[in-house]
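Since the structure comes first, as structure tokens, the remarks are kept for the end.
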Amino acid sequence: MSSKIQDLLQNLNSTYVNLHQKFEELFWLFKMGDHSVEEAMNEAEKARDLFRSDVENLDHVREALTISGLADSERERLEIWKNFFQLYQTPPELTPLRDKIAALEGEVAKKFATRKEGYKDPKTGEFVPASKGKIRMTMRTNPDEAVRKACFDALEEMCLDAVGEYVELVAMRNQFARALNFEDFYAYRLRISEGMTKNEVFDIFGAIYERTKYAFANIRELEATKPGLRKPWNFSYMMTGSFTLEEDPYFIFDEALIRWGRSFSALGFDYGGGKLQLDLLDRQGKYNNGFCHYPTIVNFKDGKRNPGEANFTCNAVYGQPGSGSLATETLFHEAGHAADRLASEQTEVCLNTEWPPASIAWAETHSQFLDTMFSSIEWRTRYAKDSNGTSYPFELFERKARQVRILSPLALDSIMAMSEFEKMVYEEQNLTPEKVVEIAKEVSRKYMDYSEDSLWILSVPHIYDWESSAYYHSYGLAILALDQWRKYFYDKYGYIVDNSDVGKEMIEVWKLGSAKMFPEFVRIITGRELSPEAFLENATMDVEKYIVRARQRVERMKSVPEWTGLVELNAEIRMVHGKELIADNSVSFENMARRYGEWLRKQAK
């Protein structure tokens, strides 16, 4: 490799690593509750974005590509950077607009993080402090309908906290996208993150909706025996609330770490020698949604691979019924994101981040694959045990399936609702706060069929942030892909949980980083084009057939050895609570899990 090419590539890689790291470290602090870093974070984000959109960087790469005698490997690496910079080209005159958007998003994030959250006790009229997550779980599990209704009212009120700012954000984002010759911001985001059009995505979603909407009639029929079922504050409680309470003893959050470690070790997962930092408990000021970001990107210098780092979080409300299961599911989800990016073997760091050209749908395919594994009956009967060591009973699974299987055809509806809401908002020519509320209610009626209107869509934090807005369709595409992938693995191996061959295939494709777009990745892993058929086969399966299949899968696991060795994930792991270090795996993973569990139990006192 010529020294000129080598210097250019090294400079691009090292510069992007440094800019990315500076922003991500501040981003983590801000999201974990230190809002004093907001200005510095915005400046770091601006510096990173200016590097990505700098036309001089693109010109340098294009010039290098004209050099005669380039080796194929040199041309390939330069083409990666050319495509990367082309993706982010932004006229300089749009920089002030982008800054204005970032500033307003920061104000909204701070408003959400510092607002007083809770609900009014329906008996005493007193305010009950509670995080949004805790309010949701109370609405799902509290036997008193008056309390559930009070929680619903509180959540609905919170939904209106930033509607005015949201209208401003939509207008500015559309202005930005149209300056780049896109129809609107939704079309812009979909093209750069997935390489797809709105028609391609919503044709798929529309077909799924038409083939599954029959389930609404079944629920209305069920309401005749469960009066009040379709009230939004009753629905989750009446369908699953008792099961949430009955399942709770099997998902003690004290055991979440060791179950994650053993499950991932049995699959043969490896974090590539990287560093992980986990902040798992809910608290005031902390961002109220799980996420995984990467302060240090996997990178290469002088041919040597340097491991990456991942920070991930969930919002467990320790001791609250239902929270242990939900938080452990999120832990598996975010740990799946980290396993994907930290396994990359790509030399160009722009292929090793969570940002485009990374496909959101592809990233969510892995994370949701692993939280789906956690939710499977095979995983639960093997790993989920109560304090006496009794395994999650198949009988409980069967009773639950007979009651809630009626909902399975609608498994994608909340995702399709979010996607359609954002599409409609960005396409609306005269958007006002009143119009946003109207659209939110209209979409909720279509996809939830509640007996009362709800603004739940406006409580989803993704829509208020540039990087996660016009994004929810990716969760839906990922579910289609992971069901297709799961079918491929079941057909090939007969089982997924604790299957190191499954782990090997996943690790091999993780090595590719973001070298392909989502549709091509799906072809690589399953040998087929993306299709909703595997999802629909599973979602519309008769309950009797579903139970028989589950029994067969549990029976298959009897011949699969359980993981009995020490947990080894090839990572340095720190368990933190804000800026406080609780435990690490410097002695062993098992020692860390025990110490973290001891700390958790102290929080409940």
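Note that the coordinates shown come from a computational prediction; the quantities given were computed from them, not determined experimentally.
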What are the two closest heavy atoms between Q368 and A478, and how far apart are they?
NE2-CB, 3.2 Å

Exactly one of K558, R553, R551 clears side-chain hydrogen bond (donor to acceptor under 3.5 Å, both in side chains) with E555, and that residue is K558

With rounding to the nearest 0.5 Å, note down the distance linking CG in D340 to CE in M506.
8.5 Å

Between F489 and D501, is there a side-chain heavy-atom distance shorter than 4.5 Å?
no

Among side-chain atoms of H366 and W510, is any donor-acceptor pair under 3.5 angstrom?
yes

For the residue pair S474 / E194, report whether a side-chain donor-acceptor contact shorter than 3.5 Å exists.
yes

Which atoms form the tightest heavy-atom contact between M448 and D413, and what is the distance?
CE-C, 4.2 Å

Over all heavy atoms of both residues, which pair between L326 and M137 is shortest? Give the atoms and the distance, please.
CD2-CE, 3.8 Å

I'd like to know if the side chain of E329 reaches the main chain of D371, judged simply by a donor and an acceptor atom lying under 3.5 Å from each other, with no hydrogens or angles considered.
no

For salt bridge (Lys or Arg N to Asp or Glu O under 4.0 Å), just list the numbers for R305 and E345, CA-CA rounded to whole Å, side-chain angles, deciding distance to a tenth of an Å, and then say yes or no.
CA-CA 8 Å; R305 182 184 184 277; E345 296 286 347; 3.7 Å; yes

Donor-acceptor contacts under 3.5 Å from residues 525-533 side chains, at least two apart:
unit_1 : atom_1 : unit_2 : atom_2 : d
T526   : OG1    : Q484   : NE2    : 3.1
T526   : OG1    : V522   : O      : 2.8
T526   : OG1    : R528   : N      : 3.2
T526   : OG1    : R528   : O      : 3.3
E529   : OE1    : R523   : NH1    : 3.1
S531   : OG     : E533   : N      : 3.0
E533   : OE1    : R211   : NH2    : 3.4
E533   : OE2    : R211   : NH1    : 3.0

Can you check whether W599's main-chain N or O pairs, donor with acceptor, with Q603's side chain at less than 3.5 Å?
yes

Under 3.5 Å: donor-acceptor pair, side chain of N83, backbone of E79:
yes

Check for a donor-acceptor pair, side chain of R191 on one end and backbone N or O of G195 on the other, with a separation under 3.5 Å.
yes

Main-chain N/O of S514 paired to Q346 side chain as donor or acceptor, under 3.5 Å
no

When rounded to the nearest 0.5 angstrom, what is the spacing between CD1 in I573 and CG in D584?
9.5 Å

Quick one: does D386's side chain have a donor or acceptor within less than 3.5 Å of a partner on T390's backbone?
yes

Between F269 and W260, is the ring centre distance below 6.0 Å?
no

Is it true that E76 and S73 share a donor-acceptor pair across their side chains at a distance under 3.5 Å?
no

Do we see a donor-acceptor contact under 3.5 Å between the side chains of N199 and T197?
no

Considering all heavy atoms, the nearest G597-D254 contact
O-OD2, 4.1 Å

Minimum heavy-atom separation for A417 and V443, please, with both atom names.
O-CG1, 3.3 Å

Check: Y447 ring centroid to Y209 ring centroid under 6.0 Å
yes

Between E246 and R399, does any side-chain N to carboxylate O distance fall below 4.0 Å?
yes

Is the distance between the ring centroids of H333 and F374 under 6.0 Å?
no

When rounded to the nearest 0.5 Å, the distance separating OG of S408 from CG of L536 is 12.0 Å

Is E544 paired with R402 through a side-chain N to carboxylate O contact shorter than 4.0 Å?
yes

Restricting to side-chain contact (heavy atoms from CB on, under 4.5 Å), what partner residues turn up for T353, sequence neighbours left out?
Y16, H20, I297, W355

Taking the six-membered ring for Trp and the single ring otherwise, decide whether the centroids of H473 and F205 are under 6.0 Å apart.
no

Rounded to the nearest 0.5 Å, how far apart are CG of L477 and CD1 of I204?
6.0 Å

Listed once per pair and sorted, the side chain to side chain donor-acceptor pair (under 3.5 Å) pairs that draw on residues 262-278, sequence neighbours left out
S263-W379, D270-N570, Q277-N311, Q277-R574

Under 3.5 Å, side chain of N315 to main-chain N/O of Y287, donor-acceptor pair present?
yes

If we ignore angles and hydrogens, is there a donor and acceptor under 3.5 Å between the side chains of R595 and N585?
no

Could you check L222 against T225 for side chain to side chain contact (heavy atoms under 4.5 Å, CB included), going step by step and ending with a plain yes or no?
CA-CA 6 Å; L222 180 63; T225 62; 3.6 Å; yes

For D491 and K487, run salt bridge (Lys or Arg N to Asp or Glu O under 4.0 Å): C-alpha distance rounded to whole Å, both residues' side-chain angles, the deciding distance at 0.1 Å, then the answer.
CA-CA 6 Å; D491 289 347; K487 179 175 173 56; 3.6 Å; yes

Atom OG in S469, atom NE2 in H462: separation rounded to 0.5 Å?
10.0 Å

Taking 4.0 angstrom as the limit, do K286 and D279 come out as a salt bridge?
yes

Salt bridge present between R220 and D449 (N-O < 4.0 angstrom)
yes

Is the shortest distance from a Lys or Arg side-chain nitrogen in R556 or E378 to a carboxylate oxygen in the other one below 4.0 Å?
no

Show the numbers, then the answer: is there a side chain to side chain contact (heavy atoms under 4.5 Å, CB included) between V560 and V497?
CA-CA 9 Å; V560 179; V497 173; over 6 Å; no

Is the W362 ring parallel, tilted or perpendicular to the F521 ring (thresholds 30°, 60°)?
parallel

Should D248 and T244 be marked as a side chain to side chain contact (heavy atoms under 4.5 Å, CB included) after you check the CA-CA gap, both sets of side-chain angles, and the distance that decides it?
CA-CA 6 Å; D248 192 60; T244 300; 5.9 Å; no

Return yes if a side-chain donor-acceptor contact under 3.5 Å exists between H577 and Y596, otherwise no.
no

Are a donor atom and an acceptor atom from the side chains of Y294 and E24 found within less than 3.5 Å of each other?
no

If you count heavy atoms of other groups shown closer than 6.0 angstrom to NZ of K516, is the number above 12?
no

Among side-chain atoms of H337 and E364, is any donor-acceptor pair under 3.5 angstrom?
yes

Quick one about Y546 and E398 (side-chain donor to acceptor, distance below 3.5 Å, no hydrogens or angles considered), yes or no?
no

Are E508 and K511 ion-paired here, with the side-chain N under 4.0 Å from a carboxylate O?
yes

Distance-only donor-acceptor check, side chains Y383 and E255, under 3.5 Å:
no

Closer than 4.0 angstrom, basic N to acidic O: yes or no for K134 and D282?
no

Both conditions, 6.0 Å and 45 degrees, for the charged tip of K423 above the ring of F202: are they met here?
yes

Over all atoms of both residues, closest heavy-atom pair of P307 and T296
O-CG2, 3.9 Å

How long is the gap from CG on L410 to CD1 on I208, to the nearest 0.5 Å?
12.0 Å

Does a donor on one side chain and an acceptor on the other come within less than 3.5 Å for S444 and W456?
yes

Under 6.0 Å between the ring centres of F253 and Y318?
no

